Amino acid sequence: MTKQVLVLPGDGIGPEITAEAVKVLEALKISDGLDIVMSEDLVGGAAYDVHGVPLADETMEKAQQADAILLGAVGGYKWESLDISVRPEKGLLRLRSDMSLFANLRPAYLFEQLADASTLKPEVVAGLDILIVRELTGGIYFGQPRGVRTLENGERQGYNTYVYSESEIKRIAHVAFQAAMKRDKKLTSVDKANVLEVTELWREVMEEVGKEYPEVELKHMYVDNAAMQLVLNPKQFDVLVTGNMFGDILSDEASMLTGSIGMLASASLDENNKGMYEPSHGSAPDIAGQNIANPLATILSAAMMLRYSLGQEVLAVKIENAVSTVLDKGLRTGDIYSEGMTKVSTSEMGDAVVAAL
Ligand code: IPM
Ligand code: MG
């Protein structure tokens, strides 16, 4: 059956990078009979400019009906002064929340050709292959109450609520343990259980769920230590599981181990593996419209979409191999460029991946 893919390019470099991923998917339709139909819609600032909200209800509806969603990035200077309720990021957060995309998989995988592109020594990062499992629809991102209030003394006070219920922790724990079972069977759960009760519970529930996966070696690590260990000795990690905010921060950090945040793909899945796929990086408004952004994270996200939501493992691997071939040839966008390599534009990189398929 033909699968429906909703493409949401978003803002900044979003349209440029998603165009390259769409190019790759179009090529697979022709070469391998990939049976998908892609339609496009607005999200983020682009949606705000047209609809006055960062995600129109019609778009939300389309997303609910699609088999998978490919998203670029949202946000930009233009919309920074808007009320927080209609900022571009809210469009993205609504998609995640309304579709219950609670499991965010962010693989920090180092293509060996890029060992030089990392700011860390090649021997520290060579062979790196970490999977970050980030809880995506709970925690302090969504906890109530939240806001800015005025106290009796006239001073303003901002507040957010860090909450996780047992069921939320359990379901992300299962995703992480199952992922670990398919890999090296090592799971590190990251928390701040020495200070925050909510993550004390997180730790307890991880232990409980762990009993169902006796083959997986479960370790706990405080988030500050995890941030340090990631740059000290990143290869100690196999699967890392953590809450929404810690996952946001640690995945940006982990991306730099792989050479550039421009390489980090992601999948956000619901209970039934319906998903949204997006690069882990942002909209990079400073380089938008210049055709210099790295489209590989988005192209690799399209590969994850084929794997997790569209049941096309073979084609997913085909894209990943094509990316590797292009890197072998020495083609690099600015963010992963090093001496002796060939610097290419966003669209040249996309064309090269298509040619390598
Ligand atoms: C990410 C981004 C988002 C997040 C922003 C754009 C809301 O940083 O996907 O990591 O914080 O989750
Ligand atoms: Mg982030």
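The figures that follow rest on heavy atoms only: side chains count, while hydrogens, waters and symmetry mates do not. In listed order, ligands and their atoms are each counted from 1. What you see is a predicted model, and the numbers here were worked out from it, not measured in a lab.
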Set out, in order, the CA-CA distance, both residues' side-chain angles and the distance that settles side-chain contact (heavy atoms from CB on, under 4.5 Å) for Asn244 and Ile140, then state yes or no. CA-CA 7 Å; Asn244 207 342; Ile140 199 165; over 6 Å; no

With a 4.0 Å cut-off on N to O distance, would you call Glu208 and Arg203 a salt bridge? no

Salt bridge Asp57-Arg94, side-chain N to carboxylate O under 4.0 Å: yes

Which of parallel (below 30°), tilted (30 to 60°) and perpendicular (above 60°) describes Tyr213 and Phe177? parallel

Using 2.8 Å as the threshold, say whether any N, O or S atom from Asp252 sits that close to the Mg ion (ligand 2). no

Gln113 and Ser324: side chain donor to acceptor below 3.5 Å: yes

For ligand 1, which atoms, with element, lie under 4.0 Å from some heavy atom of Arg134? 1 (C), 4 (C), 9 (O), 10 (O), 11 (O), 12 (O)

Would you mind running through ligand 1 and noting each atom that sits below 4.0 Å from a heavy atom of Glu89? 6 (C), 7 (C)

For atom 10 (O) of ligand 1, the closest protein heavy atom turns out to be Asp248 OD1, 2.9 Å

Option of least heavy-atom distance to atom 9 (O) of ligand 1 (set: Arg96, Lys90, Arg87, His281): Arg96

Test: Glu26 and Lys23 ion pair at under 4.0 Å: no

min-distance protein heavy atom vs atom 4 (C) of ligand 1 -> Tyr141 OH, 3.5 Å

among protein heavy atoms, the one nearest atom 1 (C) of ligand 1 is Arg106 NH2, 3.3 Å

What is the name of the N/O/S atom in Asp248 that sits closest to the Mg ion (ligand 2)? OD1

